[in-house]
> 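Pasting a structure here, questions to come.
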Amino acid sequence: MRYSQYFLPTLKETPADAEVISHQLMLRSGMIRKVAAGIYSYLPFGLRSLRKMEQIIREEMDRAGAIECLMPMANPAELWQESGRWEKYGKELLRFKDRKSADFCMGPTHEEVITDIIRNTVSSYRQLPLNLYQIQTKFRDEIRPRFGLMRGREFVMKDAYSFDLDDDGADSSYAKMYQAYRNIFNRCGLNFRSVEADSGAIGGSFSHEFMVLAESGEDGIVSCNGCEYAANVEKAELIYGDIVTPTATLELQKVDTPEQKSIEEVAEFLQLSPQQLVKTLIVQTSDDEVLAVLLRGDHELNMIKLTNLLDVDWVLMAEEDVVKRVTGAPTGFAGPIGLKVRILADAEVQGMADFVVGGNAVDVHFSGANQGRDFEISQFADLRQAMAGDPCPRCDSGKFESWRGIEVGHIFKLGIKYSEAMNATVLDAQGKTQPLVMGCYGIGAGRTVAAAIEQNHDENGMILPMPLAPFQVLVTMLNPKDDQVREAAEKLYQQLLALNIETLLDDRDERPGIKFKDADLIGIPLRVTVGARNLKEGNVELKIRKSGVTSMFSLDEMTPQLQQLVAEGLAFELEK
RNA sequence: CGGGAUGUGGCGCAGCUUGGUAGCGCACUUGACUGGGGGUCAAGGGGCCGGAGGUUCAAAUCCUCUCAUCCCGACCA
């Protein structure tokens, strides 16, 4: 491709509304443009990366035995009513009516459509197992789209759905997808973790997330430094061992804590560490219960664990007026003593004595508080979020390390949730009707490209790994008016094209500085500079974008050199 | 959905407090020079100041409403 004839509108300055680096660089490098909040156009340069991502996914899905299909964006309401999600999915489901006033929605995921296809076409266990996938545009009307392609409303996703006769079959399908996913992200050159995750709204019995490690990630994950265990902090199990509650040694004492509300403030004010405080969170549930949850001062409540423990649809922090009604004080001073609601506590609290709690009155706390003596806890459970330093639940010696991650893939074992709701069954070998056991498997294609940029950039621009780079080689023709330079660059360009090396020839009539700045910004892995200075010696310069290392080759040596580097950059080994 | 902020040529911004002919840098067009890290000079083109309503002799500027975008939050009691 000739730059002079290409469409690659780069920006010198960072658009004001782009916050994260991948968003900034994708805009600046002419990969994408915003159309509306969370809705983007892919310009040609960005589309090339997206297509490469899709192709890697396609190859690995095919290798794992999945079969590609394509389902529509517009879904009729009936299917969604049948699964119950027309009501349940909430506002993220964008609904609309056709000209006949029939209800439709934009598909945010396609369990309903695929299950409908399968139930109408598959009736025998002999047609199983089956795994169908598509790479398709999804629409989810997110509460808060943000960070460019990272959380868009319209986005390209690969979604796969497996159908098996029984649990064992489904587990095997799941394991194949797990491995395919690891292969995909390895091939992209990403630093990622596959972690255990909560299956959340989609439902199902177990699930894994694939997390690209990056500071800007929206998720917290922990991984063991001694074994393979890794999990989303929402899910990460904690071990508590045998906890003995120490004997109280202090009297309960009221202390004035004027204007001190947060744990940090109170701890600072009383010259204690947050570990010596117990915080009391007032929550309300979908069952309309209000209850209190106690946690050690430096710990975080894990809403998902709490929701699962209580077996309710949701749990929220109580509204200000509810807190006032229950505790008799504004937020900031809640404590367990004298509370009339049910009190739960994180297991860690069981091992604490003589701690500080809120006093249920403005500017008042209690010190020397003790469970059993001063108040009763109805249940202890694992309710907190895992953090760095916590002991691993799977091995003896390991400790958690914590990371931020971008969720680029998520796989679920669904079980029979959808097949039952939608009556998708087959006959087994005994002629008995069985509901299909399903799994579903998603990858955000655009998000993965964005995550790759988050992980691979420097102050001058992005440095996409070879497998995702829009072009493999950039040939920079320094002065197109110099015949020798022009001819040399053209010759090199033609040689590379003949070898099917994806090459961008910067033949623009621009000054060198502009070309170099753009080259760094768009981050093509290999850059060849053809300039009069080196050409006098018959040489051209190679610069590796990632390392910045430059080296000189004769015109004839350059082509095989590039060929080898491209091949190395694309090489991959599959995990077994 | 709650809180905060911002909307002024393609991009980045100033002007708004204290109303009085819409500005700067980059980009763009033409010409000349220049040619290894966003170059120089000269001459140009482009803006219903997000939208609607109001106050006023006069509104980018003040008031009301509205739309859009971004950030934070929905957890630290």
> Regarding B:G35, can its base be found pairing with the side chain of A:K481 as donor and acceptor, where the two atoms are less than 3.5 Å apart?
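When only heavy-atom distances are counted, A:K481 does reach the base of B:G35 through a donor-acceptor pair under 3.5 Å.
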
> Ring centroid separation for A:F139 and A:F96, is it under 6.0 angstrom?
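Centroid distance A:F139-A:F96: not below 6.0 Å, so no.
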
> Would you jot down, in residue-number order, the residues of residues 535-556 of chain A having a non-hydrogen atom under 4.0 Å from RNA chain B?
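Those residues are A:E541, A:K543.
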
> Expressed in whole Å, how much space separates the P atoms belonging to B:U66 and B:G2?
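12 Å, rounded to whole Å.
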
> Within residues 519-534 of chain A, find the residues that approach RNA chain B with a heavy atom at under 4.0 Å, and present them sorted by residue number.
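Hits under 4.0 Å, by residue number: A:D520, A:R527, A:T529, A:G531, A:R533, A:N534.
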
> Could you list the residues that satisfy salt bridge (Lys or Arg N to Asp or Glu O under 4.0 Å) with A:E289, not counting sequence neighbours?
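Result, salt bridge (Lys or Arg N to Asp or Glu O under 4.0 Å) vs A:E289: A:R342.
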
> Of the listed nucleotides (B:C11, B:A77, B:G37), which one gets closest to any side-chain atom of A:V323?
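Looking only at side-chain atoms, A:V323 lies closest to B:A77.
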
> Please state the P separation for the pair B:U6 and B:C48 - nearest whole angstrom.
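Those two atoms are separated by 24 Å.
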
> Roughly how far apart, to the nearest Å, are B:G47 and B:C28 at atom C1'?
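The same atom, C1', in both gives a distance of 15 Å.
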
> With a 3.5 Å cut-off and just heavy-atom distances, do the side chain of A:R511 and the base of B:G39 make a donor-acceptor pair?
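It does, because a donor-acceptor pair links the side chain of A:R511 to the base of B:G39 below 3.5 Å.
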
> Need the pair for B:A5. Rule: Watson-Crick or G-U wobble, both distances under 3.5 Å, any strand; none if unpaired.
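Paired with B:U69.
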
> Separation of A:L11 atom CG from B:C26 atom C1', in whole Å?
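Going from A:L11 (CG) to B:C26 (C1'), I get 11 Å.
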
> Using both distances under 3.5 Å as the test, list the Watson-Crick or G-U wobble partner of B:G20, or none.
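The base-pairing partner of B:G20, which may sit in any strand shown, is B:C57.
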
> Does A:Q484 CD have over 12 foreign heavy atoms under 6.0 Å away?
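No, because the 6.0 Å sphere around CD of A:Q484 holds 12 heavy atoms or fewer from other groups.
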
> Go ahead and name the base partner of B:G47; Watson-Crick or wobble counts if both distances stay under 3.5 Å, otherwise write none.
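Base partner found: none.
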
> Strictly below 4.0 Å, heavy-atom distances to any atom of RNA chain B: list the hits from residues 333-364 of chain A, or just say none.
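Of all residues in residues 333-364 of chain A, the ones placing a heavy atom under 4.0 Å from RNA chain B are A:F333, A:A334.
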
> Who pairs with A:K254 by side-chain contact (heavy atoms from CB on, under 4.5 Å), at least two apart in sequence or on another chain?
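For A:K254, the residues satisfying side-chain contact (heavy atoms from CB on, under 4.5 Å) (neighbours in sequence not counted) are A:V364, A:F366.
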
> Residues two or more places apart in sequence or in another chain: which of them pass salt bridge (Lys or Arg N to Asp or Glu O under 4.0 Å) with A:K97?
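Residues passing salt bridge (Lys or Arg N to Asp or Glu O under 4.0 Å) with A:K97: A:D103.
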
> How many Å lie between CD1 on A:I514 and C1' on B:G38, as a whole number?
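Between C1' of B:G38 and CD1 of A:I514: 5 Å.
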
> Applying the Watson-Crick and G-U wobble criteria at under 3.5 Å, what pairs with B:C41? Answer none if nothing qualifies.
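The answer is B:G31, by the H-bond criterion.
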
> Expressed in whole Å, how much space separates the P atoms belonging to B:C75 and B:U18?
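Each nucleotide's P atom is 41 Å from the other's.
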
> Would you say the base of B:G37 and the side-chain of A:D518 have a donor-acceptor pair closer than 3.5 Å?
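Checked by distance alone, the answer is no.
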
> Please check this pair: side chain of A:R447 against backbone of A:E407, looking for a donor-acceptor N/O pair closer than 3.5 Å.
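The answer is yes, because a donor-acceptor pair under 3.5 Å joins these two groups.
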
> Please name all residues satisfying salt bridge (Lys or Arg N to Asp or Glu O under 4.0 Å) with A:R384, sequence neighbours left out, ordered by chain then number.
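Result, salt bridge (Lys or Arg N to Asp or Glu O under 4.0 Å) vs A:R384: A:D346, A:E348, A:D390.
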
> How is A:R28 classified with respect to the nucleic acid when contacts are heavy atoms under 4.0 Å: base, sugar-phosphate, or nothing?
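Base, at least one base atom sits under 4.0 Å.
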
> Going by salt bridge (Lys or Arg N to Asp or Glu O under 4.0 Å), name the pairs with one or both residues in residues 1-15 of chain A, residues two or more places apart or in two chains.
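Output for this query lists A:R2-A:E490, A:R2-A:D507.
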
> Check the distance between B:C1's C1' and A:K91's NZ and give it to me in whole angstrom.
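It works out to 7 Å between those atoms.
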
> Is it the case that more than 12 heavy atoms not belonging to A:E92 sit under 6.0 Å from its CD atom?
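Counting neighbours around CD of A:E92, more than 12 heavy atoms of other residues, nucleotides or ligands fall under 6.0 Å, so yes.
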
> Closest nucleotide of RNA chain B for A:P480 versus for A:L295: which of these residues is on the 5' side?
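Looking at RNA chain B, the more 5' nearest nucleotide goes with A:P480.
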
> I need the full list of side chain to side chain donor-acceptor pair (under 3.5 Å) pairs touching residues 353-366 of chain A, with sequence neighbours left out, sorted by first then second residue.
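Pairs touching residues 353-366 of chain A that pass the test: A:T249-A:D354, A:T257-A:H365, A:D354-A:N370.
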
> Watson-Crick or G-U wobble partner for B:C26, using a 3.5 Å limit on both distances?
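Pair assignment: B:C26 / B:G10.
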
> Using the P atoms only, state how far B:C16 lies from B:C72, rounded to an integer number of Å.
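These two P atoms come out 30 Å apart once rounded.
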
> Which pair of heavy atoms, one from A:A214 and one from A:I406, lies closest together, and at what distance?
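Closest heavy-atom pair between A:A214 and A:I406: CB-CD1, 3.7 Å.
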
> Under the salt bridge (charged side-chain N to carboxylate O under 4.0 Å, His left out) rule, what do A:K235 and A:E209 come out as? Steps first, then yes or no, please.
CA-CA 11 Å; A:K235 169 82 176 175; A:E209 287 168 333; over 6 Å; no

> Taking only Lys NZ, Arg NE, NH1 and NH2, and the carboxylate oxygens of Asp or Glu, determine whether A:K481 and A:D509 approach each other closer than 4.0 Å.
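So A:K481 pairs with A:D509 through a salt bridge.
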
> Can you measure A:D458 atom CG to B:G37 atom P for me and round it to whole angstrom units?
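Computing the A:D458:CG to B:G37:P distance gives 18 Å.
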
> Grab the CD1-C1' distance between A:I39 and B:A68 for me, whole Å please.
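Distance check: A:I39 CD1 to B:A68 C1' gives 13 Å.
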
> Taking atom C1' in both B:U40 and B:U8, compute the distance separating them and give it to the nearest angstrom.
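That atom pair is separated by 30 Å.
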
> If I take atom CZ in residue A:F516 and atom P in nucleotide B:G36, what distance separates them, rounded to the nearest angstrom?
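Roughly 8 Å, once rounded to whole Å.
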
> Under 3.5 Å for both donor-acceptor distances, Watson-Crick or wobble: does B:G36 have a partner, and if so which one?
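Check on B:G36: unpaired, no WC or wobble geometry under 3.5 Å.
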
> How would you summarise protein contacts on nucleotides 69-75 of chain B per nucleotide, using B for base, S for sugar-phosphate only and - for none, with heavy-atom distances below 4.0 Å?
SSBBBBB

> Report the distance from atom CG of A:N479 to atom P of B:G37, rounded to the nearest whole Å.
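The answer, rounded to whole Å, is 13 Å.
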
> Salt bridge (Lys or Arg N to Asp or Glu O under 4.0 Å): which pairs involve residues 27-46 of chain A, sequence neighbours left out?
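For residues 27-46 of chain A, and leaving out neighbouring residues, the salt bridge (Lys or Arg N to Asp or Glu O under 4.0 Å) pairs sorted by first residue read A:D17-A:K34.
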
> What integer number of Å spans the P atoms of B:U17 and B:U64?
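Going atom to atom, P in each nucleotide, I get 15 Å.
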
> Looking at A:F471, does the NZ or CZ of A:R48 lie under 6.0 angstrom from its six-membered ring centre and within 45 degrees of the ring axis?
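That pair qualifies as a cation-pi contact.
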
> Can you find an N or O donor on one side and an acceptor on the other, under 3.5 Å apart, linking the side chain of A:E13 with the base of B:G25?
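Check passes, donor-acceptor contact within cut-off.
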
> Can you tell me how far P of B:A27 sits from NZ of A:K517, to the nearest Å?
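It is 14 Å, rounded to the nearest whole Å.
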
> Kindly write out the residues that satisfy salt bridge (Lys or Arg N to Asp or Glu O under 4.0 Å) with A:D374, not counting sequence neighbours, or none if the list is empty.
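Applying salt bridge (Lys or Arg N to Asp or Glu O under 4.0 Å) to A:D374 gives none.
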
> I'd like the C1' distance from B:U21 over to B:A59, given in whole Å.
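So the two C1' atoms sit 14 Å from each other.
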
